[in-house]
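Below is one structure, written out as structure tokens; the observations come after it.
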Amino acid sequence: MKRFLALCLALMLMAVPALAEENDESNPAREDLINRIIETGHKLYTAANGKLQRAHYASDIYVCKNFTVHVFRENCDDFCMAEYPDTALIIPNNLPAEECKPYSYGYCWEDVKPEEGNPFYIAAQFVYDTSLSKKENMEKALEFMRQVKRGDYFQMSAKYYYGTGAHSAIMISDYDPDSNTVHWMDSNMAGEKRGGIRYGKVQFDAKKSIDWWADAFCKKTRGATLYRLREDIIYREEN
């Protein structure tokens with residue numbers, strides 16, 4: 001009897017890791033959408049071949065937010081949310097400047113409901129708190145950046161080396177605690193004007209410390225938001 005009970009206990013213990021591993025499996029459809037988005041960004045980066053791309057007019061895909069929207073729209077039609085399978089996926093616009101007050105434009109998107117097609121949710125957000133010290137705000141900003149996951153859409157209002165205003169990027173890997181860095185892709189963070197027309201640089205696998213990022217948006221009236229795809233992303237059934 002003792003041997004029988006010991007065997008049963010051993011079998012139960014062996015089953016626990018298997019169950020945990022099964023529960024930790026990622027959603028293949030969601031991962032596929034993220035992979036496609038990142039691959040599209042990489043193709044645009046490769047096609048640019050290091051040359052600046054026009055990022056001046058509202059229709060230019062190399063404007064920072066336009067770039068992140070473009071790579072999403074190029075890939076979202078094959079997917080939907082399990083909770084709203086008949087709803088086409090969309091990506092929200094930035095919240096208008098008047099509605100951002102008392103904060104500066106660019107730190108967040110419009111609040112579009114999932115039933116209206118928005119497959120993203122706020123995974124983390126930072127806005128500068130004037131009731132706290134600069135050091136305390138920086139600690140919160142750094143903790144915010146530690147939440148970065150692969151596939152996150154990053155939106156910020158910043159004042160830093162490359163300029164002042166809104167910027168959008170897509171994180172292509174999880175925050176790396178060993179190097180204290182994040183990797184991302186974007187367009188028009190850096191660039192120049194030629195004959196009054198703005199041209200921007202396309203970046204892929206750009207890498208900076210989270211301190212660098214936090215210093216950009218950890219300023220009065222400014223902030224940043226991480227948007228993450230919902231877990232219930234599934235393949236859209238063909239009609």
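Annotation: side chain to side chain donor-acceptor pair (under 3.5 Å) contacts of Y175 (sequence neighbours excluded): N180. Qualifying side chain to side chain donor-acceptor pair (under 3.5 Å) partners for T40, counting only residues two or more places apart in sequence or in other chains: N75. Every residue two or more places apart in sequence or in another chain was checked for a side chain to side chain donor-acceptor pair (under 3.5 Å) with E231, and none qualifies. Evaluation of the side chain to side chain donor-acceptor pair (under 3.5 Å) rule for E143 yields R146, Q147 as partners, not counting sequence neighbours. Listed by chain and residue number, D129, E136, N137, K140 satisfy the side chain to side chain contact (heavy atoms under 4.5 Å, CB included) test with L132 (two or more places apart in sequence, or in another chain). Annotation: salt bridge (Lys or Arg N to Asp or Glu O under 4.0 Å) contacts of E192 (sequence neighbours excluded): R194. Under the rule for a side chain to side chain contact (heavy atoms under 4.5 Å, CB included), the partners of T164 that lie at least two apart in sequence or sit in another chain are K159, R222. When the side chain to side chain contact (heavy atoms under 4.5 Å, CB included) test is applied to A97, the partners found at least two apart in sequence or on another chain are Y105. E139 pairs by the side chain to side chain contact (heavy atoms under 4.5 Å, CB included) definition with K135, not counting sequence neighbours.
Annotation: side chain of M138 is not in contact with side chain of S133 (no heavy-atom distance under 4.5 Å). Using a 4.5 Å cut-off on side-chain heavy atoms (C-beta onward), D186 and T68 make no contact. When side chains are defined from C-beta on, Y162 does not count as touching H167, because their heavy atoms never get closer than 4.5 Å. Contact annotation: the side chain of K207 never approaches that of D176 to less than 4.5 Å [non-hydrogen atoms, C-beta and beyond]. Counting heavy atoms from C-beta outward, P114 and Y121 have side chains that stay 4.5 Å or more apart.
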Practice item. Begin from the C-alpha positions of W212 and Y161 and carry the test ring pair (Phe, Tyr, Trp, His ring centres under 6.0 Å) through to its verdict. Key: CA-CA 10 Å; W212 183 87; Y161 175 80; 8.6 Å; no

Review point. Going through the distances and angles, do C80 and I234 end up as a side-chain contact (heavy atoms from CB on, under 4.5 Å)?
Key: CA-CA 6 Å; C80 62; I234 59 173; 3.6 Å; yes

**Study point:** Derivation of the side-chain contact (heavy atoms from CB on, under 4.5 Å) call for M81 and L89
**Key:** CA-CA 8 Å; M81 292 173 279; L89 300 184; 4.0 Å; yes

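D174 places a side-chain N or O within 3.5 Å of a backbone atom of R150 that can act as its donor or acceptor partner. When atom types are taken as modelled, the side chain of Y227 and the backbone of W109 share a donor-acceptor pair closer than 3.5 angstrom. With hydrogens and angles disregarded, no donor-acceptor distance shorter than 3.5 Å links the side chain of K219 to the backbone of Y128.
Between F217 and F154, the ring planes are tilted. Angles from 30° to 60° get that label.
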If you look only at distance, which donor and acceptor atoms sit under 3.5 Å apart when one is on a side chain in residues 43-53 and the other is two or more places apart or in another chain?
| from | atom 1 | to | atom 2 | distance (Å) |
| --- | --- | --- | --- | --- |
| T46 | OG1 | H42 | O | 2.9 |
| Q53 | NE2 | K51 | O | 2.9 |

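Nearest heavy atom pair, residue Q155 against residue S168, reads OE1-OG, 2.7 Å.
With a 4.5 Å cut-off between side-chain heavy atoms of Ile, Leu, Val, Met, Phe, Trp and Tyr, the cluster of I90 takes in V112.
Comment: D78 engages R36 in a salt bridge, judged by a side-chain N to carboxylate O separation of less than 4.0 angstrom.
For residues 51-91, every residue pair satisfying the ring-ring contact (aromatic ring centres under 6.0 Å, His included) rule, not counting sequence neighbours, is listed here: F72-F120, F79-Y235.
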